[in-house]
Number of protein chains: 2
Amino acid sequence: MTDHSPKPPLGLALRQAHLRAAQVFAEELRPLGMENVLAGILMQLTLRGPQTQRQLTDSLSSDKSAMVRHIDSLERQGLVLREPHPTDRRAHAVILTDAGRARLAETQAAAARTEQRLTGCFTPEERDLLHDLLIRFTRG
Amino acid sequence: MTDHSPKPPLGLALRQAHLRAAQVFAEELRPLGMENVLAGILMQLTLRGPQTQRQLTDSLSSDKSAMVRHIDSLERQGLVLREPHPTDRRAHAVILTDAGRARLAETQAAAARTEQRLTGCFTPEERDLLHDLLIRFTRG
DNA sequence: TATTGTTATACTCTATAACTATA
DNA sequence: TATAGTTATAGAGTATAACAATA
């Protein structure tokens, strides 16, 4: 006999988990005067080195018009620079400044505290399992 | 020795998984002329029976001003009704109409197709495991 | 022709605050 | 005093389209 019991909607669980993660991260960033999206951009720049706005848009699942404003904001704060791209004159290479690297260190500490608060009730294995399931889920 | 390898940010994985789930659900709902949030409200009303707007706001992690507009929209479509609450004259009991129940059947079919598309690469055990981890994650 | 970055527009969501009628 | 629903507003995100420079 087939299972006809109503399964809880996975989408709602994902929405609520993501909301909670974003809330906790925002709390940890608030003392730094930092925002979630901008922190995400700084972390991507460190993980992957200088990126075009297009690459940032893709890796963060953001939007190219939004990215213009985000990079504007980071540039006004002196955390990144738009440099000419070495091979593509249409594109900008977004790079971290020294101030950006300093801010990033604090940001990474905030991210670490966030992960600890969020997965404090998990074993390391469970934490990795959740991550792997999410990756497979996203790839489809 | 401690593991100092840079762990991928769980928040980003959650964001992308949620975005994908919402996209697939929106695709399945589009032929019905239905939207994700409104579908979520109909499903909550079936799962839990008549609800106040406050209860819907809480269970869907939404916002009370947004909920006013959502219920307005569902009411204009004839899918729900605001009835007087039996014991609290401040509150509305939001109930499904017959048209709402009909629409809900299609919506649930769309939700089932969504889950299948999203977790098609998972065993049922993995699917339940992901859900349980997300619930524990959200509760903290 | 297609793409990168930019700008602009419209629409939605969020956050906030007031307001009413109740509790 | 506090809460449920409503309304209004400002800020941010999203979606769309256009445009210039370049590929």
Side-chain angles (χ1 to χ4, degrees), chain A residues 11-12 15-16 18-27 29-30 33-41 45 50-77 80-95, chain B residues 11-12 14-16 18-23 25-27 29-30 33-41 44-45 50-76 80-95:
Chain A
L12 184 56
R15 167 180 162 82
Q16 287 168 340
H18 176 231
L19 278 174
R20 170 157 158 77
Q23 274 169 1
V24 171
F25 194 29
E27 283 174 25
L29 287 175
R30 195 162 301 131
M34 201 68 192
E35 291 166 52
N36 293 25
V37 190
L38 303 185
I41 295 173
L45 290 177
Q51 301 275 297
T52 66
Q53 296 181 195
R54 167 61 192 256
Q55 288 173 314
L56 290 169
T57 294
D58 287 347
S59 59
L60 295 169
S61 304
S62 181
D63 174 90
K64 68 177 182 172
S65 343
M67 189 57 67
V68 172
R69 295 189 291 266
H70 298 326
I71 303 298
D72 285 349
S73 172
L74 289 170
E75 210 173 25
R76 274 195 303 273
Q77 297 177 58
V80 306
L81 280 177
R82 284 176 167 100
E83 292 211 333
H85 191 278
T87 61
D88 185 340
R89 285 200 290 171
R90 296 171 304 179
H92 300 149
V94 180
I95 63 163
Chain B
L12 183 56
L14 280 167
R15 167 180 163 82
Q16 288 168 340
H18 176 231
L19 278 174
R20 170 158 157 78
Q23 275 169 359
F25 194 29
E27 283 173 24
L29 288 175
R30 195 163 300 130
M34 200 67 192
E35 291 167 51
N36 294 26
V37 190
L38 303 185
I41 295 173
Q44 282 293 317
L45 289 177
Q51 300 276 296
T52 66
Q53 295 181 195
R54 168 61 194 256
Q55 288 172 314
L56 289 169
T57 294
D58 288 347
S59 60
L60 294 169
S61 304
S62 181
D63 174 89
K64 68 177 181 173
S65 345
M67 189 56 67
V68 172
R69 297 188 291 266
H70 297 326
I71 304 297
D72 285 349
S73 172
L74 288 171
E75 211 173 24
R76 275 195 304 273
V80 305
L81 280 178
R82 284 176 168 101
E83 292 211 334
H85 191 278
T87 61
D88 187 340
R89 286 201 289 171
R90 295 171 305 179
H92 300 150
V94 180
I95 64 163

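A note on names: the letters A, B, ... follow the listed sequences, proteins ahead of strands, and every chain is numbered from 1.
- Atom CG of L60(A) is separated from atom P of dA12(D) by 19 Å (rounded to the nearest Å).
- With a 4.5 Å cut-off on side-chain heavy atoms, Q55(A) and L45(A) do not count as touching.
- On the nucleic acid side, DNA chain C contacts chain A at distances under 4.0 Å to non-hydrogen atoms, with the end points of that region at dT3(C) to dA8(C).
- Salt bridge D58(B)/R54(B): present, at least one basic N to carboxylate O contact under 4.0 Å.
- In summary, of the residues considered (Q51(B), K64(B), H70(B)), a side chain to side chain contact (heavy atoms under 4.5 Å, CB included) with T57(B) occurs for K64(B) alone.
- Between R15(A) and D72(A), the residue anchored nearer the 5' end of DNA chain C, judged by the nucleotide with its closest heavy atom, is D72(A).
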Report summary line: In B/S/- notation (B base, S sugar-phosphate only, - none; protein heavy atoms under 4.0 Å), nucleotides 15-23 of chain D written 5' to 3' is -B-B--BBS
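- A heavy-atom distance below 4.5 Å is found between the side chains of L56(B) and I71(B).
- In this structure, H70(B) places its NE2 atom 14 Å from P of dG5(D), rounding to the nearest Å.
- Within 4.0 Å of H92(A), counting heavy atoms only, lie sugar-phosphate atoms of the nucleic acid but no base atom.
- Residue Q51(A) is the one, among L19(A) and Q51(A), whose nearest nucleotide of DNA chain C lies closer to the 5' end (criterion: closest heavy atom).
- You'll find the side chain of E27(B) reaches within 4.5 Å of the side chain of R30(B), heavy atoms only.
- Put simply, the side chain of M67(A) reaches to within 4.5 Å of the side chain of I41(A), judged on heavy atoms.
- Here the side chain of H92(B) pairs no donor or acceptor atom with the backbone of V94(B) at under 3.5 angstrom.
- With sequence neighbours left out, the side-chain hydrogen bond (donor to acceptor under 3.5 Å, both in side chains) criterion links E35(A) to no other residue.
- Atom CG of D58(B) and atom C1' of dA4(D) are 11 Å apart (whole Å).
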